[in-house]
2 protein chains.
Amino acid sequence: MTTAAVDKRRVILDAAVRVFARQGFHTCRVSDIADEAGVAYGLVYHYFSSKEEILDTLFLERWDVMLAAIAESDASQRSPRDKLYAVAAFIIDSYRHDPELMKVIVVEVTRAANTFGLTHLEKIREAYAGIAAIVEQAQADGLFRSEITPEFAAQAFYGSVEQVLTGWIFDSVAIGAPEFERAKTLIVETICRGLER
Amino acid sequence: MTTAAVDKRRVILDAAVRVFARQGFHTCRVSDIADEAGVAYGLVYHYFSSKEEILDTLFLERWDVMLAAIAESDASQRSPRDKLYAVAAFIIDSYRHDPELMKVIVVEVTRAANTFGLTHLEKIREAYAGIAAIVEQAQADGLFRSEITPEFAAQAFYGSVEQVLTGWIFDSVAIGAPEFERAKTLIVETICRGLER
DNA sequence: CCTGATCCTGACTGATCAGTCAATCGATCG
DNA sequence: CGATCGATTGACTGATCAGTCAGGATCAGG
């Protein structure tokens, strides 16, 4: 695969992010992606076997990085609160860095587990499991209350983060660095106060 | 409109719930709904002007009841914690009473704000606003901390509830009355501990 | 400069499906 | 009885679009 070829593949993926974010996966046509990428229709099928595979690729590219970040945070020697902060910070920074990509992942995959995300349910669950592992450790160390199952706590935590993201995605109010930082602190502060002894 | 006529409309709506829950809104055909309802294809268009209007109707029917429940809880003289408990209980009981309908509402409307729910964004926001009103009152009464904006707290709260619901929807593990009751308590307990002074 | 491979093009096809409509059914009433 | 009108039927149409394919361009190696 030559450098040019790699580039065209990337160009198509990047164009797809913009198109999916703007029109939605189900509503857009493959030709929209080709047009946005400035590439012939057929070339899309040279690099991807279907429209779905494009979304697949975008999701997995990013999600795997997130799973690694969660695992790394879990493995670190920080306090549970700092570990959860690292997770929230990763997700929020992902949005900050590339809002369109995160919109596509959240809206078209994570929150659409029905139509499309069923394929990725296992991957999505891995994220919950990673967060649950952090909570479980904190409970074992006597830092978090044990009434709540780690799985439940993980859902509450992830749910809060994703809902805040969803708010930004659809409320279309401009937000800057301070708001992002504040959101990280507030979510973690709220949920951890709820979980701590 | 005769009684029989009212019934057919209802039969179609109920069939649509089952079909949407099973196949998803985008993936199902109108003929699937007609078949499920045991009714001719054309009759669907006698009662509804489009496939979307069916989903519209299902969503609004239920959502308006929920908005009323939130408003009523807010207006009551209970403690903030009890008010939020009432909201969580309403949503969770809705799922318990009709899981397929709640699956459709959450998956196809609430969590699909992109493709379809944009139409209902305003309605959805009303729910957040109602929850935020409860938090705001609690802050004014000095019961909740003021660092967190009511809107933010509402998103965290609603996000947690919806994520737990989503877990039930997709994990397809059988759950009984005790789990539902436990979930209400745990969510409210966790979030309120995080919000209280 | 030939040859095979890979990249790239866009017109075309085949299937799908939302929505239409002309025709039938059946209840109600004068 | 027969006229009227809403309920009901399902075959049909028109548009859309994912994916194919046959061929042209470009490049690498011999």
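Treat the numbers as computed from the prediction; the structure is a model and nothing was measured. The chains referred to below are lettered A, B, ... by the order of the sequence lines, with proteins before strands, and numbering in each begins at 1.
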Positions of residues 31-39 of chain B (non-hydrogen atom under 4.0 Å from DNA chain C), listed by number: none
Check for a donor-acceptor pair, side chain of A:Glu196 on one end and backbone N or O of A:Phe144 on the other, with a separation under 3.5 Å. no
Under 4.0 Å, counting only non-hydrogen atoms across every strand here, what does A:Ser49 touch: a base, just sugar-phosphate, or nothing? nothing
Is a salt bridge present between B:Glu136 and B:Lys83, judged by a nitrogen-to-oxygen distance below 4.0 Å? no
Taking NZ, NE, NH1 and NH2 as the nitrogens, is one of them in B:Arg29 or B:Asp35 under 4.0 Å from a carboxylate oxygen of the other? no
Can you find a side chain N or O atom of A:His46 that sits less than 4.0 Å from OP1 or OP2 on C:dC7? yes
Phosphate oxygens OP1/OP2 of C:dC8: is one of them under 4.0 Å from a side-chain N or O of A:Lys8? yes
Does D:dG10 have OP1 or OP2 sitting under 4.0 Å from an N or O in the side chain of B:Tyr41? no
Residues B:Arg81, B:Glu189: salt bridge by 4.0 Å N-O rule: yes
Using 0.5 Å steps for rounding, measure from the OG1 atom of B:Thr27 to the CZ atom of B:Arg22. 12.0 Å
Could you tell me how far apart A:Tyr47 (OH) and D:dT20 (C1') are, to the nearest whole angstrom? 18 Å
Give a yes/no on whether any side-chain N or O of B:Tyr45 is located under 4.0 angstrom from OP1 or OP2 of C:dC21. no
For A:Phe20, is there any backbone N or O sitting under 3.5 Å from a side-chain donor or acceptor partner on A:Lys103? no
Specify the separation, in whole Å, of atom NZ of B:Lys51 and atom P of D:dT16. 17 Å
Expressed as a whole number of angstroms, how long is the span from B:Leu43:CG to C:dT24:P? 18 Å
Atom pair CG (A:Leu195) and CG (A:Leu143), whose distance is rounded to the nearest 0.5 Å: 11.5 Å
Rounded to the Å, how far apart are B:His26 NE2 and C:dT16 C1'? 16 Å
For B:Phe25 and C:dC17, give me the distance from atom CZ to atom P, rounded to whole Å. 13 Å
A:Arg9 CZ to C:dT6 P, straight-line distance once rounded to whole Å: 16 Å
In whole angstrom, give the distance that lies between atom CZ of B:Phe48 and atom P of C:dA18. 15 Å
